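What follows is a short report on a single structure.
The model shown is predicted, which means the values in this text are computed figures rather than measured ones. Every chain is numbered from 1 and lettered A, B, ... according to where its sequence line falls, protein lines coming before strand lines.
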Number of protein chains: 2
Amino acid sequence: MQNTPITLKFLAEKLKMSVSTVSKALNNYPTINEYTKKRVQEMARDLHFTPNKSAINLKERKSRIIGIILPNLLDYFFTRSIYGVEQFAMKNGYNVIISQSHDELEKEIQLADMLLKSRVDGLIVAISKNTQDFSHLDQFENMGIPVVYYTRNPSFNLSCHKVLGNTFQGCYQATKFLINRGHQKIAYLGGPKMINFTHDRFNGYINALKDNQVPFQAELVAYTDFDKENTVSAIQNLFKDSENMPTALVAFKEPILFDAIKYLKSIHHPKFDEIECIGFGNTPFISYLDSPPIASIEENPESVGENAIKLLLQLINREIELQDYQKIMVDCQLVVH
Amino acid sequence: MQNTPITLKFLAEKLKMSVSTVSKALNNYPTINEYTKKRVQEMARDLHFTPNKSAINLKERKSRIIGIILPNLLDYFFTRSIYGVEQFAMKNGYNVIISQSHDELEKEIQLADMLLKSRVDGLIVAISKNTQDFSHLDQFENMGIPVVYYTRNPSFNLSCHKVLGNTFQGCYQATKFLINRGHQKIAYLGGPKMINFTHDRFNGYINALKDNQVPFQAELVAYTDFDKENTVSAIQNLFKDSENMPTALVAFKEPILFDAIKYLKSIHHPKFDEIECIGFGNTPFISYLDSPPIASIEENPESVGENAIKLLLQLINREIELQDYQKIMVDCQLVVH
DNA sequence: TATAGCATTTCAAACGTTTGAAATAATTGA
DNA sequence: TCAATTATTTCAAACGTTTGAAATGCTATA
């Protein structure tokens, strides 16, 4: 049953015409007679002709491969974002190579080199938390291969394409929501300072306070990274002053928020039941928590991913100039549980 | 800076020799003079020559693409398994197309057709919970394209390649662990009956009981699918007889176990604190639960994925005959929390 | 009836590799 | 010194497409 795949040549022989006529008919060239086109297209359909991608790619000097570098697939944001990317890429005849940097710069550099060797047509990247030098990524642009930064990006650098969640707006909404519920002492637990959006979120928090006449207190702000001990000590700091305890908390990421909640519960914080929390993520595990956050900030990762691949394909096809740097924002929603 | 990629032809011109000599030197042909080889290989290295995959694939009539069909990337088992697959595939020059069936047969059929059209060199698949007819997957084998079933597979069918967790052994261990802790009334909450390993796990449970002289009671067994209401009613069933309440529970999957725990807690089950649970998965969220399972069954998804791709590559390279059906088991470990 | 003009089809080269056969060069033995 | 042998290199076709240029066939006009 080992049937050889149908080629243009095979169709041409069957139809007693030349390979180029068949090719042009299938690609709807205006110089080809309408009746001929119909005959060719029907035959192609009947025999389930599928053009050989390798041949086309060779001819067009493309690989039709998109590279993705992201920190970690076990993070729901990234897993979900991949979905948006793959769907759209596939629809447009592109394949995707997903690679994980494990949030390490060195690994990220390795992966970049590997993808460059694979001759990807474009790159989508969420940088590691330690990435400050970008030469391993700049080399793509230098070779005319477009790069789109998504979510995590070099915030100081305006000369690159970016797709990101409107994390300012998300944090603003969450803070405002808590203010409207009567909270005046709202703590903010930020992420690694190296990650750009940590600051956008902080600004959303600050602005919500200001716009609603809630005084800002520096003691109510702390930072952590993805490390549990760090989170615990940050929380200890936020809650150390018994006179001035926060009654609400906005955290930069849900698993970290869960660590915080767990800690507060473990020390039998006297007013634990009154504390209201919100984190970024909207992860499905919330429903299993005994003391779930009152709301979540939904970041729409699928949409972020889809916007990134859309932009990248436009750059690949030179529908947008490589130097015409774009910045796309995807709004967040507050989901009340 | 738009530099054209280095080709064999370019190297040949630089070295003043023919393209075929260069090609053969790089591929270490014995007929090529050692000194020539050295010169070519050095030049190739210095100029960062990377062979054009499309050209090789065209020549070798391969796509170097592996297709994967799985139910859902948001399931930690599958996300983790992907990691094993991608790593190994990449190392061997293969790309991977990941596609999600969302546990729907119809979507699975669509994806299979899509992947067939993409001319994948091989397929790794975890079937949907409703897949009973396999014609959409059989067509691959009929065309000489190997298929490896992983985790979820047609258990009744011996004529296919399988890689799966030793879910019998995992469940046996978990049950035995609970027996050793003094439990005599251990409930078993199984998954969808259509999924093959539901029964393997059940057998592990049964055998552990038997081997340790614990009487089997049919009332202590219930089944659910991934639906929350279903789980709740299964749990209600298991705990309905106040005379004969289980004191321990083995569940086929962790998120479902979490649903069960949540329900038992919500009804203020009198002996809730004494009930000990174990589920498959070992998901990281366990640490956030107030009443976590006492242990987890680690299924080593990365290893399952890696074994699947290893087998598939052997089949693609015909190191193993297509008809020489393999079955590979990956052991589980009990992780006590 | 030749010919300009158009519609349609075909030719042929190219994309970058691989590889068996053929050609060439170097070495050996008589 | 010359043929035979062996080592090494090159030729040329192939993989399946695309595409500008060239060729063909046809119609209409002078």
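Between the CD1 atom in A/I145 and the CG atom in A/L315 there is a gap of 12.5 Å [rounded to 0.5 Å].
If you take CG of B/L15 and P of D/dT10, they are 11 Å apart, rounded to a whole angstrom. Per the geometry, CD belonging to B/E34 stands 17 Å off C1' belonging to C/dA26, to the nearest Å. One interatomic measurement links the two molecules: CZ of B/R39 to C1' of D/dT8, which rounds to 13 Å at whole-angstrom precision. Atom C1' of nucleotide C/dC15 and atom CZ of B/F10 are separated by 17 Å, given to the nearest angstrom. Spacing between atom CE of A/M17 and atom C1' of D/dG25 amounts to 16 Å, rounded to whole angstrom units. In this entry the distance linking CD of A/E13 with C1' of C/dT10 reads 15 Å, nearest Å. Rounding to whole angstrom units, CG of residue B/N57 and C1' of C/dC15 are separated by 14 Å. C/dA7 atom P lies 13 Å from atom CD1 of A/I32, rounded to whole Å.
In this structure, the side chains of B/S81 and B/T151 stay at 4.5 Å or more apart for every pair of heavy atoms.
With sequence neighbours excluded, the residues forming a side-chain hydrogen bond (donor to acceptor under 3.5 Å, both in side chains) with A/K162 are A/N153, listed by chain and number.
For the pair A/K38 and A/E34, the salt-bridge criterion is not met [side-chain N within less than 4.0 Å of a carboxylate O]. Of the charged side-chain nitrogens involved, none lies within less than 4.0 Å of a carboxylate oxygen, so that A/R318 and A/D324 do not count as a salt-bridged pair.
Atom CD of A/E106 sits in a sparse spot, with 12 or fewer heavy atoms from other residues, nucleotides or ligands closer than 6.0 Å.
In this model, no donor atom of one side chain and acceptor atom of the other lie less than 3.5 Å apart for B/K327 and B/Y149. Remark: the A/D113 side chain and the A/Q139 side chain contain an N/O donor-acceptor pair separated by less than 3.5 Å.
The two residues A/P301 and A/F77 make their nearest non-hydrogen contact at CB-O, 3.3 Å.
Taken over five-pair windows at either terminus, the axes of the helix from C/dT1-D/dA30 to C/dA30-D/dT1 are inclined to one another by 80° (rounded to 10 degrees).
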Along nucleotides 16-21 of chain C, 5' to 3', which nucleotides get a B, which get an S, and which get a -, given that the test is a protein heavy-atom distance under 4.0 Å?
BBBBBB
